[in-house]
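Just so you know, ligand 1 is whichever comes first in the structure, and atom 1 is the first atom listed for that ligand. The structure displayed is predicted, hence computed values, not measured ones.
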Amino acid sequence: MMMEYPQFRMLEGTDSLYAIEGPRHAVEFQPLGSTEWLVHAHFASDYPRFVWLQELREEAAQSKAISKEVFFERVHARTVRESSSKLGRFSAAGIETLTLESNVQLKPLTTFGVSSFTRHHTLVRSDEEVRQALMAAEQSSWELLILGGGSNVLLHSDWEGMTLQQGIKGMEVLNDDGNCLEVVVGAGESWHDLVLHAVEKGWNGLENLALIPGSVGASPMQNIGAYGVEVKDRFLWLEAVNRKTGELHRFDHAACEFGYRESIFKQKEKNLWVIVRVAFGLERNAPLHMDYGAIQSELQHLPPQEITHRDVSEAVMRIRRSKLPDPAKLGNAGSFFKNPILDPKAFQEVLSNHPNVIHYPLEGGSFKLAAGWLIEQAGWKGKRRGHCGVHDKQALVLVNYGKATGHEIWRLATDIIDDVRAQFGVELQPEVNQIRVS
Ligand SMILES: Cc1cc2nc3c(=O)[nH]c(=O)nc-3n(C[C@H](O)[C@H](O)[C@H](O)COP(=O)(O)OP(=O)(O)OC[C@H]3O[C@@H](n4cnc5c(N)ncnc54)[C@H](O)[C@@H]3O)c2cc1C
């Protein structure tokens, strides 16, 4: 017999309520005094918990079925004190049937603006909706693609499975000692809006990362960075839902294994998690980061002791607007390639043949080369080919003049990679995530 979800039940003898969302998922409302609920999300990942949930469903655990109306009448009679996930508090919407759309055009949901249809699409607004989407994908064997703001992906073709767009909103200050704050933010919030809000409030530390497109949830994925600051400098922890089990897990800083445009979520744990919220450590008295020459020249008219975090964020925005194409006008995903990192031996080889190569020494003895310089020297800066090309102000950025396909952009990228390898013996790696149906 096919079970219908959600089911609503009440445990007899207590006032506990259960919304059973599927064979393995339930949300429990446990009464706390006469006015509050304690809310727990249960995922039956092992056999005993599965049996418990099955018994609850089948009335063997002294629970009785109640209607959705009665359930919500009772839920709304009290307030929620604490939930197992602070921002993803249970909401009525969380257990409504997931909204699934079919054959959705992804072009407006990505900054490259290439045409690509997804067979099934859903926007999730809570942890519960993430779990429902995971279940729907698993039950129908749909391959799953997670999307935030779509500013770091190149879609090579139509997506035959399901896209889950992260839409969990919200921001909460968990701790504030007068200087340091712990701020937790929903993964579906806009990154740039977070930076602007933090600057406005005087919660400092993110100002150098202004105007980076995309969502908060994707920011740890590649440890976004700009103008001497990376997300890892302000990251405290994140919570993510396991794509296989639906369980919520907290990753601290060490567990994320951050590197240059890298994290564990692009390596060992790739495609295993949906990030639902991220916590940052911000400071009212955070130091200013103005090592970059471009920031210094933007702010040279100000007396150094008067420069504020807001001045730095505004300088960063002016610099970025002057150098980078606006995706609303010209499709792109920012830097298409990473700056290559070479060990000392490989670097000396490049340097002996190309003494002008732009490079930066790194801790541990290796060297980072400026990929933009390599691409420019190889003759690609400003070149247009068909519907796509290399930006004329920044050779790291590939652009879509409007009608390019993912294949066309990727062919351009691979030709650049081949040329740079032939001329410099250096292998460029894409920074942008290449989305292909496996
Ligand atoms: C004009 C421009 C300038 C840019 N400048 C910079 C820059 O200075 N520095 C920099 O680091 N980056 C830069 N980027 C790249 C991009 O903005 C960042 O990588 C951003 O963090 C991507 O966020 P997004 O929400 O758009 O991610 P998406 O493009 O939607 O997704 C990126 C990857 O993360 C995965 N993902 C997204 N959200 C989640 C989630 N919640 N849980 C699990 N997986 C998820 C996706 O599956 C995909 O693999 C720039 C891009 C553009 C267009």
Nearest heavy atom to [atom] wins, so pick from [options].
{"atom": "atom 2 (C) of ligand 1", "options": "G167, A187, G334, G188", "value": "G334"}
{"atom": "atom 22 (C) of ligand 1", "options": "A210, S151, S335", "value": "S151"}
{"atom": "atom 9 (N) of ligand 1", "options": "G225, A328, P325, G331", "value": "G225"}
{"atom": "atom 17 (O) of ligand 1", "options": "A218, P213, G150", "value": "P213"}

Check your understanding: Which class fits the ring pair W191 and F280: parallel under 30°, tilted 30 to 60°, perpendicular over 60°?
Key ->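 The rings of W191 and F280 stand perpendicular, inter-plane angle above 60°.
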Review point. What class does the angle between the rings of W410 and F336 fall in, given that below 30° is parallel, 30 to 60° is tilted and above 60° is perpendicular?
Key: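 Tilted: the ring planes of W410 and F336 meet at 30° to 60°.
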Got the closest protein heavy atom to [atom], with its distance?
{"atom": "atom 32 (C) of ligand 1", "result": "N433 ND2, 3.7 Å"}
{"atom": "atom 29 (O) of ligand 1", "result": "N152 N, 2.7 Å"}
{"atom": "atom 24 (P) of ligand 1", "result": "G149 N, 3.3 Å"}
{"atom": "atom 14 (N) of ligand 1", "result": "I212 CG2, 4.2 Å"}
{"atom": "atom 3 (C) of ligand 1", "result": "R320 NH2, 3.4 Å"}
{"atom": "atom 12 (N) of ligand 1", "result": "Q222 NE2, 3.2 Å"}

Numbered atoms and elements of ligand 1 in range of [X], under 4.0 angstrom, heavy atoms:
{"X": "L147", "value": "30 (O)"}
{"X": "W273", "value": "43 (C)"}
{"X": "G214", "value": "23 (O), 24 (P), 25 (O), 26 (O)"}

Exercise for review: Might you confirm whether atom CD of Q434 has over 12 heavy atoms from other residues, nucleotides or ligands at distances under 6.0 Å?
Suggested key: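 Counting neighbours around CD of Q434, more than 12 heavy atoms of other residues, nucleotides or ligands fall under 6.0 Å, so yes.
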Check your understanding: If you round to the nearest 0.5 Å, how far is CD of Q394 from OG of S335?
Key ->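 Result: 6.0 Å between the selected atoms.
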Check your understanding: Has R277 got its NZ or CZ under 6.0 Å from the middle of the six-membered ring of W237, at an angle within 45 degrees of the ring axis?
Key ->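 Judged by the rule, R277 and W237 form no cation-pi pair.
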Check your understanding: Quick one: does NZ or CZ of K270 land under 6.0 Å from the six-membered ring centre of F265, within 45 degrees of the ring axis?
Key ->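 Judged by the rule (NZ or CZ under 6.0 Å from the ring centre, within 45° of its axis), K270 is not positioned above F265.
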With respect to [X], determine whether any N or O atom, backbone or side chain, lies less than 3.5 Å from an N or O atom of ligand 1.
{"X": "I275", "answer": "yes"}
{"X": "N332", "answer": "no"}
{"X": "N223", "answer": "no"}
{"X": "I146", "answer": "yes"}

**Study point:** Passing option when L369 is tested against F347, Y360, F424 for side-chain contact (heavy atoms from CB on, under 4.5 Å)
**Key:**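 The residue from F347, Y360, F424 that satisfies side-chain contact (heavy atoms from CB on, under 4.5 Å) with L369 turns out to be F347.
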Practice item. Classify the side-chain pair N242/W273 by whether it contains a donor and acceptor separated by less than 3.5 Å. Key: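 Note: N242 and W273 side chains miss the donor-acceptor criterion.
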**Study point:** Side-chain H-bond candidate by donor/acceptor type, T163 with T118, under 3.5 Å
**Key:**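 The answer is yes; a qualifying pair exists.
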**Study point:** Evaluation steps, side-chain contact (heavy atoms from CB on, under 4.5 Å), between H192 and I212
**Key:** CA-CA 6 Å; H192 179 58; I212 297 182; over 6 Å; no
Point to revise | salt bridge (charged side-chain N to carboxylate O under 4.0 Å, His left out) assessment of R284 paired with D177 | key: CA-CA 10 Å; R284 294 191 172 82; D177 70 4; 5.8 Å; no
